[in-house]
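All remarks here apply to the structure that follows.
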Amino acid sequence: MNELDFTGKHVLVIGGSSGIGNGIARAFLARGAVVHVWGTRERKEDYMQEEGSVLAGLHYHKVDVLRSEELAAYEPPFESLDVLVQSQGLVLYRRAEFNLTEFRRVIETNLNSVMACAMKFHGLLAAARGTMIILSSVAAFLATKGNPAYNASKAGVLGLTRSLGQAWAADGIRVNGIAPGLVETKLTRVTTDDQSRLAATLQRIPLGRMGTVEEMAGVALFLASPLSSYIVGQTIVVDGGRLL
């Protein structure tokens with residue numbers, strides 16, 4: 001038996017059009033799953049020039065999680081949902097999050113929409129006795145003086161993962177999370193494009209390097225598989241030892 005074979009399983013990755021979410025989506029696809037991803041552009045083709053072929057083989061749907069009417073109107077093209085991955089995320093730099101309007105936008109994206117999407121798919125997950133995986137961040141455990149909204153939202157997701165894990169276990173749904181460290185994506189370019197800032201960050205990571213989207217995806221596969229069948233409400237830190 002291969003516990004990491006997801007043949008015939010249905011997976012939805014919110015925020016699966018790029019970054020860690022896309023890496024997770026492609027990992028499930030490579031292991032036989034039928035994978036749906038959400039993004040904010042109108043068509044899959046709108047990503048192709050910028051993103052290459054990262055959406056090949058994935059079923060794309062345009063749903064903006066900040067628009068409640070779009071979320072309500074979404075009709076799932078699947079009758080069961082085995083894995084829901086919530087990887088939507090927003091971070092604003094240059095102290096923009098100290099503006100209350102922008103602070104609220106980040107919280108709405110990174111925290112409130114996670115709860116809204118969880119409620120949207122609770123029934124399908126319960127019917128399949130499925131799993132939900134929520135992406136947090138090592139920022140949930142650290143101070144980030146330039147990004148109060150991102151920090152608060154990711155800490156909030158940590159608590160939400162615990163609470164939903166406890167509340168929904170009786171429904172047959174396992175809820176867990178992943179807290180990535182430094183991974184090269186669009187959201188981390190402020191660090192990865194600045195060589196001095198990157199070098200200073202790498203000095204604080206015992207493994208001495210950034211993580212990869214494939215390494216984050218490996219943890220997602222584990223959390224969605226029978227290998228983690230007795231893990232509930234936990235958020236696994238995947239940071240190369242950064243928090244040590």
Side chain to side chain contact (heavy atoms under 4.5 Å, CB included) between N176 and T235, intermediate numbers included: CA-CA 6 Å; N176 288 294; T235 295; over 6 Å; no
Please check if the distance between the ring centroids of W38 and Y60 is under 6.0 Å.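 Ring centroids of W38 and Y60 are no less than 6.0 Å from each other.
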Audit row: L223, I236, side chain to side chain contact (heavy atoms under 4.5 Å, CB included) steps and yes/no: CA-CA 9 Å; L223 288 175; I236 299 178; 3.7 Å; yes
Do [X] and [Y] sit within salt-bridge range, that is, some charged N less than 4.0 Å from a carboxylate O?
X	Y	answer
E97	R104	no
R105	E102	yes
E70	K62	yes

Between [X] and [Y], is there shared hydrophobic-cluster membership here, with clusters defined by ILVMFWY side-chain heavy atoms closer than 4.5 Å?
X	Y	value
V34	L124	no
I134	L12	yes
F98	L92	no
V83	V35	yes
V114	V13	no

Minimum heavy-atom distance between [X] and [Y], given as atom pair plus value:
X	Y	result
W168	A118	CH2-O, 3.4 Å
A56	L29	O-CD2, 3.6 Å
L227	F222	O-CE1, 3.6 Å
V37	A25	CG1-CB, 3.7 Å
V157	S136	CG1-CB, 3.9 Å
V232	A169	CG1-CB, 4.4 Å

Any donor-acceptor pair under 3.5 Å linking the side-chain atoms of [Y] with those of [X]?
X	Y	value
E3	S225	no
R174	S228	yes
H36	H10	no
T40	D64	no

Would you check, one step at a time, whether the test side chain to side chain contact (heavy atoms under 4.5 Å, CB included) holds for C117 with V65? CA-CA 8 Å; C117 292; V65 295; 3.9 Å; yes
With no hydrogens and no angle check, is any side-chain donor or acceptor of [X] less than 3.5 Å from a backbone partner on [Y]?
X	Y	answer
D171	I173	no
T144	N147	yes
N110	L90	yes
E215	T212	yes
N112	A116	no
N151	A139	yes
K154	F141	no

How many angstroms lie between [atom1] in [X] and [atom2] in [Y], if you round to the nearest 0.5 Å?
X	Y	atom1	atom2	value
D239	R204	CG	CZ	12.0 Å
Q86	I24	CD	CD1	11.5 Å
E108	S68	CD	OG	8.5 Å
F103	Y150	CZ	OH	14.0 Å
L125	M132	CG	CE	7.0 Å
L221	E214	CG	CD	11.0 Å

From R67, K120, Q88, residue fulfilling side chain to side chain donor-acceptor pair (under 3.5 Å) relative to S113: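 That would be Q88.
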Minimum side-chain heavy-atom gap [X]-[Y] below 4.5 Å:
X	Y	result
I14	S87	no
L135	I20	yes
L55	N22	yes
I133	L84	no
D82	F6	no
V213	V183	yes
P180	V238	no

Take atom CD of E79 as the centre, draw a 6.0 Å sphere, and report whether it contains more than 12 heavy atoms from other residues, nucleotides or ligands.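 Result for CD/E79: open.
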Is K9 atom NZ crowded by more than 12 heavy atoms from other residues, nucleotides or ligands, each under 6.0 Å away?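 Incorrect, the count does not exceed 12.
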For R242, the option from L142, V237, L182 that meets side-chain contact (heavy atoms from CB on, under 4.5 Å):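 When side-chain contact (heavy atoms from CB on, under 4.5 Å) is applied between R242 and each of L142, V237, L182, only L142 qualifies.
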